[in-house]
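Have a look at the structure below, then the notes.
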Amino acid sequence: MKSPDLSSVYSPSHAIQNRAYVASLDEYLKIYSGAIEDPVQFWEKISKQFFWKRQPTGPFLNYNFDLQKGPIFIKWMEGGLTNICYNLVDRHVQDGYGDKIAYYWEGNEPNEQKQITYQALLKDICKCANVLKSLGIQKGDRVAIYMPTTIEAIVVMLSCARIGAIHMVVFAGFSADALTERMIDGKAKLLVTADGTFRGTKFVPLKSIATQALLQCKATGHPINHCIVFNRLQTTKQTEHIPDIPWDDAIDHSWDALMASASDLCEPEWVDAEDPLFILYTSGSTGKPKGILHTSGGYLIYAATLFKYAFDYHLEDIFFCSGDLGWITGHTFNVYGALACKSSSLIFDGIPTYPDGGRFWDLIDRYQVTTFYTAPTAIRTLMRLGSSYVTKHSRASLRILGSVGEPIDPSTWSWFYQVVGAKRCPIIDTFWQTETGAPIICPLPGATPLKPGSATLPFWGIVPTIVDDDGVEIIGEGQGHLVIKNPWPGIARTIDGDHQRFESTYFKPYNGYYYTGDAAKRDADGYFWIIGRTDDMLNSSGHLISTAEIESALMQHPSVAEAAAVSAPHAIKGESIHCFIVLKHQSVYNQIIETEIKSLIRNRLGAFAVPDLIYPLPALPKVGSGKIMRRLLKKIVRQEIHLGDTSTLVDENIIEQLRAFTLNKVKIF
Ligand code: PRX
């Protein structure tokens, strides 16, 4: 890899370099080369920093990325016995860090505050682990978690890890149908939820949704017998907005009551490095979500290493990631990576615009946050509100800024860098996925010169490259499909219950490589620029949703005969959702149908998946085989003049109708 052209880059400042673990590009490159030459030696050395009840007995790394040689598998440190919760909490307490704050929590309202030390966290985890055991949960059982971002949600995650149970956190913005589908697919034995929470002044009825999901599970022959309910609303002042919370004594248990009587001692279960740690659902292009499965040992060392180096984390730092616990960002950086590094982190169960657009900056000042990690969609929302919300707060504690979830465009990057970070703080643009466990392409604060909009260079041990449509590797500068050549400890091991789908989604498209589903450009300096998804995936406000999921929800409306969903660029959300529908014979499109369709999607998937625009059409553009030409619809909503090759369309007249509905903005009603 060549050194970048320094004339177009932002080099690390001396202040950042002086304290950094890796203080020059040369040092990064040297470590990079070593890790590629001998990944086993590189990761083995790191693994020794953690506690192993028994060292790995098999090969340190064993894998196959080549379908022609046999099934795909990835195994790190097999035979090694450990417990991730022990490594994250017990170890630090034993080392004398029991009084260090593990988490500061702030709720939706600025006066909702809690904090917990490592010592107290350990006690709560042990209690919760005993509670789970008393309700019949054992090693290998699955526990669904449908909770807002709270210390208690983290306690549940870690108590599962402590006893070898597998947690499945379902984002608290998902609907009852989506929760049901995930609990059934993942064979959850128990659900932990909360009574509700607030997003600004809007009440989110978590328990009502959970109850509906539990009834649906029962009705379809998958009863879940226990539901633990955390009293999240105990700290809110907006009590007049809380409706009745449904309660069924037969399955519902109060968190407070169970925790009050549980013992605070619980021996950790020693599990194999390759035993499952958690399942986290992500969208899939067939419409059925994929239960991405991560294992204990590899995920531990990868999450911890990325937290330490990507954010250059030091013990005195205060880390604040605004990501929800229901996404991989929350798992890796609010929980596993953070605690592995003895972090003190701020977690926030609220929105950046409540009570006003200065909330993040107010939090940063009050908690003296040093490292702030968020998503471009949140930055764009706040940028729109104007810089004065930012500049009226000091932000003097900030050292490092981070971005994740979607490409950060250079103008948003500049605002984040200049206004929020006052030109002092490097922006760590981390490219990763639910499947990768932690970032795989990202700068290191003290080492990597930054180029606005580029996730920069691969992390140690990762060998990304780009291939053309035929799978031929592009050497040097170029653009194509982003693939990874080799395994790293944090890569997902399978899709729960469907290994074939794991192979066909990630390894079949370009045999021999892990396929990310993203397109990327590599410049002359070896820097990667992520362009976005090339499969049927939309990225709206950082939420990955497949067109198939939206289309199958649309098809549930009794008047809809056919449907196609595509993304269009959006100033705040990054991408917005546009849907084309064909109505059944004799149905007429009107405001009522539109409202019904939108609420159907809200109920089926969640509010974040509701389309911005719905276009009724007499027919969808299709090729001879019957496949919808989504590529054409995408160009139409982007108002592109050149539509590419449309000769394979069954009916080319459809193009004019499409243009009439979109370009000329024909009034639909
Ligand atoms: O398209 C890429 C985009 O988010 C996708 C992964 O989404 P998910 O599994 O939900 O995980 C998001 C949080 C890690 C990727 O395939 N993406 C993520 N980070 C970036 C990004 N696109 C560009 N730049 C990034 N930094």
Side-chain angles (χ1 to χ4, degrees), residues 169-171 173-174 278-285 289-294 299 302-303 306-307 310 321-337 373-380 401-410 412-413 416 427-443 448 450-459 462 464 481-484 490-492 495 505-506 509 514-521 527-546 549 567 573-575 606 608-609:
V169 182
V170 178
F171 169 54
F174 272 125
F278 67 81
I279 294 166
L280 183 59
Y281 281 87
T282 185
S283 289
S285 53
K290 300 173 291 200
I292 300 298
L293 188 141
H294 283 282
Y299 179 77
Y302 197 66
L306 265 293
F307 186 84
C321 160
S322 70
D324 195 281
L325 290 176
W327 302 112
I328 191 69
T329 320
H331 281 54
T332 301
F333 286 140
N334 273 331
V335 185
Y336 289 100
Y373 188 46
T374 192
T377 181
I379 307 168
R380 287 192 294 264
L401 298 173
S403 167
V404 61
E406 49 176 315
I408 176 163
D409 53 282
T412 306
W413 193 100
F416 202 29
I427 294 180
I428 306 304
D429 179 1
T430 56
F431 169 77
W432 56 303
Q433 307 177 304
T434 306
E435 297 85 342
T436 69
I440 51 174
I441 301 178
C442 66
T448 319
L450 306 173
K451 299 188 189 189
S454 168
T456 76
L457 300 170
F459 189 68
I462 308 282
H481 304 280
L482 179 65
V483 295
I484 316 294
I491 187 175
I495 291 174
T505 308
Y506 304 110
Y514 167 81
Y515 170 54
T516 59
D518 283 290
K521 192 176 82 176
Y527 274 49
F528 286 88
W529 302 71
I530 312 298
I531 294 166
R533 304 291 303 194
T534 53
D535 52 11
D536 293 337
M537 226 62 91
L538 305 165
N539 191 335
S540 186
S541 298
H543 297 304
L544 213 56
I545 317 158
S546 73
E549 277 174 298
S567 66
K573 301 184 199 177
E575 288 185 332
F608 61 90

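If you're wondering where the values come from, they're calculated on a predicted model, not measured in any experiment. Read the numbers this way: they start at 1 and go in the same order the structure lists the ligands and their atoms.
Note: Y373 and F333 have perpendicular aromatic rings, judged against thresholds of 30 and 60 degrees for the angle between ring planes.
Taking 4.5 Å as the limit, some side-chain heavy atom of Y527 sits within range of a side-chain heavy atom of L457.
Taking 4.0 Å as the cut-off between side-chain N and carboxylate O, E406 and R380 count as a salt-bridged pair.
The backbone N or O of G402 lies less than 3.5 Å from no partner atom in the side chain of D429, so there is not a single donor-acceptor pair. Between the side chain of E549 and the main chain of P289, no donor-acceptor pair closer than 3.5 Å is present. Side-chain atoms of T436 come within 3.5 Å of backbone atoms of A438 as a donor-acceptor pair (strictly under, hydrogens ignored).
Ordered by chain and residue number, the residues placing a heavy atom less than 4.0 Å from ligand 1 are I328, T329, V404, G405, E406, P407, D429, T430, F431, W432, Q433, T434, D518, I530, R533, N539, L544.
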